[in-house]
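Step one of this worksheet: look at the structure below.
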Amino acid sequence: MFSDSLPARVTILGAGAWGCCLETLLREQQHQVTVWSRRYHRPLAAAIQNADVVISALSMQGVPIVAAQLKALGIPPQTLVVSATKGLNPGSYETPSQLWHQALPNNPIVVLSGPNLAAEIEAGLPAATVVASEDLAAAQRIQTLLNSERFRVYTNGDPLGTELGGTLKNIIAIAVGVCDGLNLGTNAKSALMTRALVEMTRIGVQLGAQPQTFWGLSGLGDMIATCSSALSRNYRVGYGLAQGQALGAVLAEIGSTAEGVNTAQVLVDLAGRDGIDAPIATAVAQILAGHMAPAQAIETLMSRLPRAEVLEIQRPC
Ligand SMILES: NC(=O)C1=CN([C@@H]2O[C@H](COP(=O)(O)OP(=O)(O)OC[C@H]3O[C@@H](n4cnc5c(N)ncnc54)[C@H](O)[C@@H]3O)[C@@H](O)[C@H]2O)C=CC1
Ligand SMILES: O=C(CO)COP(=O)(O)O
């Protein structure tokens, strides 16, 4: 195990926007960083050799593949594994950290998630994030590793809630992008985001997360960042669709991962399986599948039966 006073040897899996940004933050803290990508010629085995910490900044589709590769290679049980992906595995509905836990059951797993638009952090702007784990000591090690004067890291003991906040807000950012792309105004956007937070919390709590986690940086915080910035790829997807662009064209223009596009239908299937009410995610999935025009989806949401504004979300017995 690395000592807090020494530079740690960190391997980052994934050399996309987020992997490269984490590399920048870690190098500023004098850590020894190796970045692995499927596009590099360096084998995974060589990249993870002697790593104290392995950080997965892969997009969702890469996680099960690379987790299986790491399982086959084997890593020492003291190596900390950090999952920074925001998505859900299609079919099994597992979160990225659950996939890492299955592949590496003896390693401490830490979730990293928060309002972290990579481009802003790369530009040197300040930000905060959350590291969450059932193993609090492991979360604290990652906090020490990453915390700096420009990147404030909080620990949290609810990894599932922390991870689901980052995952679910991607779908909401698409919805808010649609709202802005249709010029529906500030009242509509405020209503959408507020009801979306209730929807995210309801889903998260049904799946076993703590409700309070969704009011924190990894929930509300990340939702605000992603829903209010044109730097967000998910927001840009919704905005582009509302402006009449085809999904393929918007994604080609963005040129990197917009996880909400893949997560929306997976989430709707999961909500259907578990009987969870998820009207906003359902509307987003319908728009993405081309089953409903953006304006029609808004109409559908607005014409739902009037109801009480229930804000207290009960954990299932
Ligand atoms: N960009 C951002 O601002 C932030 C992104 N995230 C999350 O981090 C994850 C990665 O995002 P970005 O780096 O922005 O995406 P990106 O599209 O820039 O990079 C994705 C990375 O995953 C790798 N990858 C994809 N499929 C793979 C496969 N089958 N096998 C091996 N590697 C594979 C790609 O080669 C690439 O290195 C996403 O889940 C995203 O939601 C989280 C916080 C901030
Ligand atoms: O997760 C993010 C910010 O916290 C990045 O958002 P996008 O994936 O929508 O760009």
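None of the values given here were measured: they were computed from a predicted structure. All ligand and atom numbering here is 1-based and tracks the order in the structure. Heads up: numbering here begins at 1 and tracks the sequence.
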>> For atom 18 (O) of ligand 1, tell me which residue out of Ala17, Gly260, Ala15 has the closest non-hydrogen atom.
In response: Ala17
> Quick one: which of Leu58, Thr257, Thr129 has a heavy atom closest to atom 9 (C) of ligand 1?
Replying inline: Leu58
> Considering only the protein, which heavy-atom contact is closest to atom 2 (C) of ligand 2, and what is its distance?
Replying inline: Lys169 NZ, 3.3 Å
>> Only heavy atoms of Ser232, strictly under 4.0 Å: list the atoms of ligand 2 that pass.
In response: 7 (P), 9 (O), 10 (O)
>> Check whether Tyr40 forms a cation-pi arrangement with Arg38 (NZ or CZ under 6.0 Å from the six-membered ring centre, at most 45° off the ring normal).
In response: no
> Within the structure, does Lys86 bring an N/O atom to less than 3.5 angstrom of an N/O atom in ligand 1?
Replying inline: yes
>> On a heavy-atom basis, I'd like to know which of Met60, Arg233, Glu120 is closest to atom 12 (P) of ligand 1.
In response: Arg233
> Does Gly87 come within less than 4.0 angstrom of ligand 1, counting non-hydrogen atoms of the residue?
Replying inline: no
> Less than 4.5 Å apart, any side-chain heavy atom of Asp269 and any of Tyr93?
Replying inline: yes
>> Please check whether Arg233 reaches ligand 2 - meaning an N/O of the residue sits under 3.5 Å from an N/O of the ligand, judged on distance alone.
In response: yes
>> Test of understanding: given a 4.0 Å heavy-atom threshold, classify the contact between Ser113 and ligand 1 as side chain, backbone, both, or neither.
In response: neither
>> Restricting to non-hydrogen atoms, name the atom on Thr34 and the atom on Ala47 that form the minimum distance, rounded to 0.1 Å.
In response: CG2-O, 3.9 Å
> Against heavy atoms of Asn116, which atoms of ligand 2 measure under 4.0 Å?
Replying inline: 3 (C), 4 (O)
>> Give me the residue, atom name and distance of the protein heavy atom closest to atom 38 (C) of ligand 1.
In response: Glu259 OE2, 3.3 Å
>> Could you check whether Glu28 pairs with Arg150 (Lys NZ or Arg NE/NH1/NH2 to Asp/Glu carboxylate O, under 4.0 Å)?
In response: yes
> Hey, which atoms in ligand 2 end up nearer than 4.0 Å to a heavy atom of Asn234?
Replying inline: 7 (P), 8 (O), 9 (O)
> Any idea which protein heavy atom is nearest atom 44 (C) of ligand 1, and the distance to it?
Replying inline: Asn116 O, 3.0 Å
> What atoms of ligand 2 come closer than 4.0 angstrom to any heavy atom of Gly114?
Replying inline: 4 (O)
>> As an exercise, identify every atom of ligand 2 less than 4.0 angstrom from a heavy atom of Lys86.
In response: 1 (O), 2 (C), 3 (C), 4 (O)
> Backbone or side chain, does any N or O of Ala118 fall under 3.5 Å from an N or O of ligand 1?
Replying inline: yes
> Hey, which atoms in ligand 2 end up nearer than 4.0 Å to a heavy atom of Asp222?
Replying inline: 3 (C), 4 (O)
